[in-house]
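Letters go in sequence order (proteins before strands), and every chain restarts at 1. All values below were derived from every heavy atom in this structure, side-chain atoms included, with hydrogens, water molecules and symmetry-related copies excluded. Just so we're clear, the structure is a prediction, and the values are computed from it rather than from any experiment.
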4 protein chains.
Amino acid sequence: MEGDKRIERDPFGEVLVPKFKYYGAFTYRALENFQFSDLRIPRELIRALGLIKYAAAYANLRLKILDKKVADPIMQAAMEVAEGLFDGEFPVDVFQTGSGTSTHMNVNEVIAARASEIMGGPRGASGPIHPNDHVNFGQSTNDVFPTAIRVALLELINKRLLPNLDALYEELLRKSDEFKDVVKAGRTHLRDALPVTLGQEFGGYATMIKKARMEIEKTAQVLEELPIGGTAVGTGFNTHPEFPGLVIESLREITGLNLREAENRFEAIGSADAFVAVSSALKNLACIIIKICNDLRLLSSGPGTGFGEIEIPALQLGSSMMPGKVNPVILEAACQAGVKIIANDVCVTMASQLGELELNMGMPLIAYVLIQSVKLMANTCSALSEKCIRGIKADSERCRAYAESSTAILTALAPIIGYEKTAELVRKVLSERKSVRMILAEDFGMGEDEINALLDLKSMTRPGFFKKSDAQ
Amino acid sequence: MEGDKRIERDPFGEVLVPKFKYYGAFTYRALENFQFSDLRIPRELIRALGLIKYAAAYANLRLKILDKKVADPIMQAAMEVAEGLFDGEFPVDVFQTGSGTSTHMNVNEVIAARASEIMGGPRGASGPIHPNDHVNFGQSTNDVFPTAIRVALLELINKRLLPNLDALYEELLRKSDEFKDVVKAGRTHLRDALPVTLGQEFGGYATMIKKARMEIEKTAQVLEELPIGGTAVGTGFNTHPEFPGLVIESLREITGLNLREAENRFEAIGSADAFVAVSSALKNLACIIIKICNDLRLLSSGPGTGFGEIEIPALQLGSSMMPGKVNPVILEAACQAGVKIIANDVCVTMASQLGELELNMGMPLIAYVLIQSVKLMANTCSALSEKCIRGIKADSERCRAYAESSTAILTALAPIIGYEKTAELVRKVLSERKSVRMILAEDFGMGEDEINALLDLKSMTRPGFFKKSDAQ
Amino acid sequence: MEGDKRIERDPFGEVLVPKFKYYGAFTYRALENFQFSDLRIPRELIRALGLIKYAAAYANLRLKILDKKVADPIMQAAMEVAEGLFDGEFPVDVFQTGSGTSTHMNVNEVIAARASEIMGGPRGASGPIHPNDHVNFGQSTNDVFPTAIRVALLELINKRLLPNLDALYEELLRKSDEFKDVVKAGRTHLRDALPVTLGQEFGGYATMIKKARMEIEKTAQVLEELPIGGTAVGTGFNTHPEFPGLVIESLREITGLNLREAENRFEAIGSADAFVAVSSALKNLACIIIKICNDLRLLSSGPGTGFGEIEIPALQLGSSMMPGKVNPVILEAACQAGVKIIANDVCVTMASQLGELELNMGMPLIAYVLIQSVKLMANTCSALSEKCIRGIKADSERCRAYAESSTAILTALAPIIGYEKTAELVRKVLSERKSVRMILAEDFGMGEDEINALLDLKSMTRPGFFKKSDAQ
Amino acid sequence: MEGDKRIERDPFGEVLVPKFKYYGAFTYRALENFQFSDLRIPRELIRALGLIKYAAAYANLRLKILDKKVADPIMQAAMEVAEGLFDGEFPVDVFQTGSGTSTHMNVNEVIAARASEIMGGPRGASGPIHPNDHVNFGQSTNDVFPTAIRVALLELINKRLLPNLDALYEELLRKSDEFKDVVKAGRTHLRDALPVTLGQEFGGYATMIKKARMEIEKTAQVLEELPIGGTAVGTGFNTHPEFPGLVIESLREITGLNLREAENRFEAIGSADAFVAVSSALKNLACIIIKICNDLRLLSSGPGTGFGEIEIPALQLGSSMMPGKVNPVILEAACQAGVKIIANDVCVTMASQLGELELNMGMPLIAYVLIQSVKLMANTCSALSEKCIRGIKADSERCRAYAESSTAILTALAPIIGYEKTAELVRKVLSERKSVRMILAEDFGMGEDEINALLDLKSMTRPGFFKKSDAQ
């Protein structure tokens with residue numbers, strides 16, 4: 001029955017582990033020692049650790065360090081871990097040893113126990129497969145853990161974030177085209193400015209996303225350099241010189257990622273610079289996401305008391321008290337996601353300064369936070385494009401009405417009558433509460449055609465200016 | 001069977017909800033709309049929302065707005081929610097409407113359904129109790145949600161954080177006393193400085209914790225002002241003028257907290273200032289925790305290649321590769337917790353600027369992050385005091401050896417022979433690699449007693465200085 | 001002539017210092033070594049250092065450590081430095097030794113040289129007064145510098161920041177009263193919500209400022225504990241036991257501040273916790289300033305294309321290209337100031353973690369950044385109240401028009417006909433583009449009086465709700 | 001005489017400006033309105049604005065919009081401004097209009113006045129050249145100011161930061177080679193680990209710098225896209241369609257930078273994404289600088305009470321109280337610089353979210369902070385390489401002694417006798433306080449040659465491991 005325990009040993013003494021569990025004494029101690037939070041190492045990192053253990057066993061087999069009868073069950077067990085069959089076996093807190101050793105040994109123990117089981121032996125320390133001497137041969141937490149973070153991040157970025165960014169970009173581009181003739185007031189300092197088209201605004205958003213996507217793709221390449229093979233301090237002592245090459249070859253085949261050996265393993269182990277760079281790129285994107293969402297919140301504000309230039313899809317009731325209220329909920333969730341990602345970047349920045357010399361000691365925190373940021377960003381992009389942007393409609397009439405009510409359109413006169421006279425005219429329009437057209441007719445004796453030419457709002461959304469000859 | 005569904009309706013149409021679930025259409029929409037993350041609203045906030053719903057129903061009963069036959073089952077259901085009996089019913093993502101409406105309506109729906117059930121009716125919209133008209137009468141997310149965050153935080157701070165801080169303080173104080181005669185080298189700029197006692201160092205840590213504790217206690221008082229009764233925009237429209245007073249009376253009785261009505265409900269609803277203040281106080285404590293942990297890591301560094309002035313308890317093996325290595329794992333976990341709490345403060349700071357006018361729209365994120373910080377800090381304090389500080393031992397010999405090897409002890413001569421001559425002496429000691437004692441004997445013709453008086457390290461850990469008369 | 005140089009010496013050799021300069025070899029080295037930035041130690045800190053040097057000389061005189069003929073000129077010179085007569089003599093970069101030793105020795109050298117001059121001797125090292133042996137007797141950078149930062153901050157907070165906060169609070173309160181009858185639409189999620197008065201909004205802002213002011217005043221009290229007397233590592237070795245008491249007595253008399261000895265000098269020297277706490281309090285205020293400014297920017301947006309509910313004073317032309325444009329420039333400058341202060345808090349937070357054991361090594365940076373934040377905040381408050389808030393005018397008509405166009409006012413019906421029916425009504429109003437009044441007349445057969453009673457917007461800005469009896 | 005004033009006018013009335021000043025009413029108003037701080041727009045931005053004004057006048061001349069007799073003096077005046085001849089004429093506070101209009105108009109006014117003077121006319125508004133109609137023709141703050149920031153940053157990055165990074169990299173590489181045979185203890189978690197060479201550590205640092213340099217160079221390319229030609233809202237209205245191309249052609253020629261037209265001017269004006277990206281890259285480098293400096297502080301700690309593995313150049317006395325103390329002042333200044341740059345990144349990140357729609361309103365703050373960061377980083381790199389790294393010496397004996405005292409070297413036995421037995425051996429060495437060599441001889445009966453082979457520390461700094469055959 002499940003309540004049964006088995007004895008495991010380590011240099012600190014004996015511990016009792018539930019019989020049905022695969023993990024052993026190391027994991028048990030970690031569970032006792034680390035009761036800080038309910039944050040757990042994410043699935044994506046367990047997968048990456050499983051893949052590395054598979055590749056390591058295979059490399060040690062090819063290097064004739066492990067026998068086939070030992071390597072085969074390890075490889076099978078490791079792949080099962082990678083595929084998620086043992087996800088209940090990794091209960092260690094994110095807040096643990098700064099190197100991630102507790103989670104790493106947790107993985108070694110589960111794989112060893114499972115491999116022993118596959119060989120027909122008992123689970124745990126009494127089995128034929130040893131977590132350190134076999135599963136971990138030629139490896140150290142200090143090269144394995146940062147390698148795993150890199151692989152996990154690359155898989156997430158390539159398979160989830162970049163495609164979702166592409167979809168968001170496409171959606172914004174479509175809207176830019178759809179709204180290319182919707183003329184509206186530009187606003188600078190939240191004050192009346194020259195007209196733009198709604199399409200131009202969405203085109204700007206599309207370009208922001210495109211550039212951020214390019215930066216992320218480019219920056220993620222720093223993750224392709226893997227420290228594996230550096231072992232404990234970067235030197236590679238206690239592993240075979242050909243080990244890293246073989247491991248990476250396997251990882252490349254399994255994941256399809258463009259992985260390679262670190263140019264310098266001391267940098268790759270002692271510094272968290274690659275993670276800081278990726279975190280920064282996510283932060284930069286988050287700034288853009290918040291900017292776009294805040295703009296859309298403003299443009300869709302109302303219906304009675306706001307700008308109401310666009311309408312965003314109504315997804316749910318907005319208020320527990322005010323019936324019929326509809327709120328921009330996806331935009332709000334996205335803003336909060338953006339803020340979280342920016343704060344996560346501060347977390348990674350500061351964690352990069354934990355530790356010294358041969359080891360950064362913020363590894364599990366960096367792993368947790370960065371993987372969270374990538375997934376949150378990927379989901380945010382898809383929610384934005386599918387549940388908000390795609391369904392946005394323009395209120396062209398309202399857009400035009402605002403554009404016409406902006407005294408900034410008198411700027412068209414400045415090249416003809418000069419800045420100062422135009423400024424006087426603007427003050428007159430505002431103080432006498434007359435329309436721009438009225439003033440042009442009364443004060444300048446302009447005819448309607450002339451006024452129409454001057455105030456052709458659509459033409460004001462393109463380069464060029466009126467000369468005296470245009471207006472006469 | 002559990003696979004069965006029931007129909008629920010909202011203005012957007014019909015939805016199918018699992019029959020065994022208590023939540024309804026509003027929650028269902030939220031689940032569909034918000035698929036951003038695996039972060040969920042913490043138990044402590046659900047508890048606070050349950051308590052508020054209990055108190056609200058009771059207030060509306062006393063104000064004769066709700067009948068006893070309606071109020072009673074609502075009160076029972078609300079208390080069951082507060083006590084955690086329905087924790088599986090709150091699946092909405094933290095990243096949701098910025099006001100927290102989705103979680104708030106989730107609570108209203110579950111309580112309404114459960115109350116209907118208690119009354120013998122069916123769960124869901126067809127039951128006799130309505131989530132908005134009964135459970136939520138006189139309330140709005142905009143006053144309920146920030147009220148709930150305040151109550152949840154106060155309970156956590158008072159019942160978990162402050163006691164753990166007290167324990168940590170006591171432990172540091174005990175060590176300060178235990179080590180009061182362990183003389184050691186002071187180090188400034190990581191360079192040889194005048195001696196201190198190890199007890200003085202721990203006494204300094206104790207005071208840091210004490211002051212931070214005082215600041216947290218004091219700051220947390222801003223949370224005692226509850227916005228409940230402000231309803232949607234702070235005015236209190238659509239609720240009875242006596243409602244907030246009655247609700248808070250009940251909350252005070254149940255929780256034992258010193259709760260009161262907000263001085264100004266517009267401030268309490270529109271601004272997140274109270275949360276920012278509490279987050280800052282936690283950040284300030286986190287800075288101290290990291291400082292202390294980094295000092296202890298340094299003092300315990302080694303055993304062969306570091307300072308080794310103290311020994312911290314060995315809790316588990318430290319390395320997957322280097323046998324016998326023991327690492328300062330609790331200190332490392334605590335440093336990471338400190339970094340997370342500092343980053344969470346940036347999150348709250350930035351989230352305080354989401355939204356505008358009558359509503360802050362970062363509420364669920366603020367709630368999640370702040371509650372996480374308080375719990376993480378409480379656990380960090382207890383891990384530190386119980387698993388690390390308590391077991392620290394001093395290596396008095398090593399401490400003294402370092403103290404004697406510090407040329408800074410020659411500073412005792414400065415009041416007698418002046419700064420410049422003393423500086424020359426120091427350079428001589430260092431360049432000729434002689435001991436301080438040798439130089440004093442050779443160059444100053446001092447006898448052993450005289451030297452002993454001058455270099456009485458313990459006396460150097462107290463105010464006072466040598467005058468010519470002392471040394472002669 | 002000024003081009004002349006004099007020779008100064010230190011253990012590293014001889015240096016040539018301009019004859020007319022008072023500083024010596026230590027300062028000269030610092031100028032050579034630190035060429036990082038154009039940031040210089042602010043006047044306020046030089047003043048505080050001067051005051052401390054005055055008080056220290058006076059204390060050493062009373063303790064009979066210094067002769068009157070030495071102490072008197074030092075006291076005079078120190079007071080001249082405090083008063084700003086030698087501000088051109090402190091050219092050392094903010095980015096210097098982490099303890100601030102370079103600036104501290106700069107002050108010691110200038111005072112020694114000036115005191116020597118007063119005594120009729122030559123400036124510089126050959127004079128009768130020695131920077132270390134006389135001016136600095138019984139002191140160390142590690143207690144003097146953090147003492148000086150505390151004194152400088154307290155003077156700034158008490159004499160400039162708090163009065164300006166009071167003035168801002170008063171101005172907001174006056175506006176709250178002035179606008180108490182201006183009914184307007186509330187907005188939550190930037191969407192139509194129940195009405196509020198403009199006075200209520202300003203009252204909320206006033207309370208935010210008041211609370212932040214209280215927090216700053218309270219927090220600043222941590223600065224009143226001075227580490228002076230701790231000397232190099234907190235022990236007080238090499239100073240007279242009565243020295244700190246006497247120094248602080250003098251400082252209290254000169255500044256009128258409530259200064260006292262640190263409860264624990266190891267905490268006060270080794271930790272930057274007091275500075276982090278003050279920085280956080282400023283950050284919290286900055287969050288509020290930005291919130292208020294963003295609200296005011298929104299309310300004053302337009303004139304044609306925005307909310308236009310209030311008008312802020314026009315102070316200058318807004319655009320180099322669009323004639324007649326006026327922008328909310330003070331609000332924008334204040335938002336940028338707020339952001340700078342928040343970023344400065346991150347700076348202080350991270351600088352608090354530089355250094356270890358007996359010394360924080362971010363002192364000059366902390367001093368610079370915190371003094372900048374206090375002054376910037378003081379100026380921001382005064383600019384806001386005098387150049388913006390004071391001149392704000394309400395557009396009551398526009399406010400009312402928005403309030404009436406908000407379908408949220410139908411919420412008044414919810415207690416009578418229920419949430420769901422009211423929601424349907426709202427949808428009808430919006431989709432049929434009819435007015436609320438029309439619908440009430442048509443669908444509910446309400447007479448004008450009844451409608452007026454129900455839609456009495458002013459009464460909606462107070463607690464209470466309509467019952468069936470009210471509406472019939 | 002200088003006290004004389006002249007009258008200038010703007011729509012707000014008349015102002016009195018000192019006669020000898022070139023700026024006019026707009027600048028005067030800005031001085032009155034903005035009294036927030038003593039921060040001023042840096043020289044590098046004034047230069048860039050001058051260059052743009054030169055290029056704009058030349059473009060308008062070629063487009064026949066400006067006459068040669070107007071364009072020529074503007075071009076001359078603009079170039080004089082760029083060259084710094086009028087640096088005393090730009091007194092406007094950094095905290096000003098969010099677009100930078102005040103500084104932009106300041107530049108327009110000074111150039112107009114100087115150009116009028118060149119033409120023989122009076123300075124100021126009565127002169128023949130108009131700041132808006134001539135100097136600013138076809139331009140708006142909203143395209144000019146962000147263009148100027150980009151040009152200023154690119155010049156600083158290319159001419160100062162990258163060369164200094166190269167020099168720092170080269171210095172580290174040289175040290176890596178110099179120290180390639182210095183074997184020392186590796187330290188992970190600040191605890192004894194496998195040996196490395198000091199050269200490997202410096203090689204790691206070199207690679208960190210190299211990668212960060214590559215990232216900065218790559219990221220800075222986003223600045224090469226200039227928004228000029230977008231005018232007020234990105235559309236380019238009121239400028240000639242060929243204007244941006246001509247302006248950029250001139251700028252490219254003058255600066256030698258690879259400048260080009262923005263792919264999308266709405267993105268380039270409305271978003272601060274390019275600045276956020278550059279700021280992040282600087283932050284990433286700052287993290288590395290702090291990491292390296294903290295490592296070097298640790299390695300050079302002592303001399304009596306620390307690691308003392310390396311010696312850094314002594315540059316100045318370290319303490320006002322402890323004679324002969326020498327501190328790692330350059331490393332400390334560099335750490336503070338790193339912290340400032342990280343905080344500046346938070347500033348830019350948050351400033352990127354000021355403003356909305358067609359304008360970011362944090363421009364002057366972003367400009368100030370980013371230019372500060374680039375210069376500070378450039379100076380930090382040069383101080384580090386020239387005043388610290390270059391003079392570092394290794395204490396090879398101490399390095400070796402530590403390496404031999406690390407029980408981690410027993411890890412070499414693990415592949416032979418297994419992890420668990422090796423762990424027991426380590427515990428024995430530590431508890432019995434015997435040397436590793438003694439234990440190997442006693443317990444394993446190893447001869448000296450065998451032990452020497454096993455404990456060949458240098459070979460432990462390379463990949464590979466001992467097999468049973470090696471050890472027997």
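Looking at heavy atoms from C-beta onward, Q353(D) lies out of side-chain contact with Q353(B) at the 4.5 angstrom threshold. L430(D) is listed as a side-chain neighbour of P303(B), based on a closest heavy-atom distance under 4.5 Å. No side-chain heavy atom of H189(B) sits less than 4.5 Å from a side-chain heavy atom of V326(D). The shortest side-chain heavy-atom distance between R191(D) and P328(B) falls under the 4.5 Å cut-off.
Sparse packing is recorded around CD of E397(B), with 12 or fewer heavy atoms of other residues, nucleotides or ligands lying under 6.0 Å away. No more than 12 heavy atoms of other residues, nucleotides or ligands sit less than 6.0 Å from atom NZ of K393(D). Within a 6.0 Å sphere centred on NZ of K421(B), heavy atoms belonging to other residues, nucleotides or ligands number 12 at most.
With a 4.5 angstrom heavy-atom cutoff, S320(B) touches chain D only via backbone atoms. Contact annotation for A193(B): both backbone and side-chain heavy atoms come within less than 4.5 Å of a heavy atom of chain D. Of the atoms belonging to L298(B), heavy atoms from both backbone and side chain fall under 4.5 Å from chain D. Looking at S406(B), the atoms closer than 4.5 Å to chain D (heavy atoms on both sides) sit in the backbone and in the side chain alike.
By number of non-hydrogen pairs under 4.5 angstrom with chain D, the leading residue of G318(B), G302(B), S301(B) is G302(B). Heavy-atom pairs under 4.5 Å with chain D peak, among Y402(B), Y419(B), F307(B), at Y419(B). Listed options R427(B), E404(B), R297(B) were ranked by heavy-atom pairs under 4.5 angstrom with chain D; first place goes to R297(B).
Rounding to the nearest 0.5 Å places OG1 of T188(D) at 6.0 Å from CG of N327(B). The distance from atom CE of M322(B) to atom CD1 of I409(D), rounded to the nearest 0.5 Å, is 12.5 Å.
Remark: side-chain polar atoms of D192(B) are paired, donor with acceptor, to backbone N or O of T305(D) under 3.5 angstrom. Using modelled atom types, one side-chain atom of S405(D) and one backbone atom of G304(B) make a donor-acceptor pair closer than 3.5 Å.
Between the side chains of K325(B) and T407(D), no donor-acceptor pair is found at a separation under 3.5 Å.
Shortest non-hydrogen contact noted between P323(B) and A414(D) is CG-CB, 4.1 Å.
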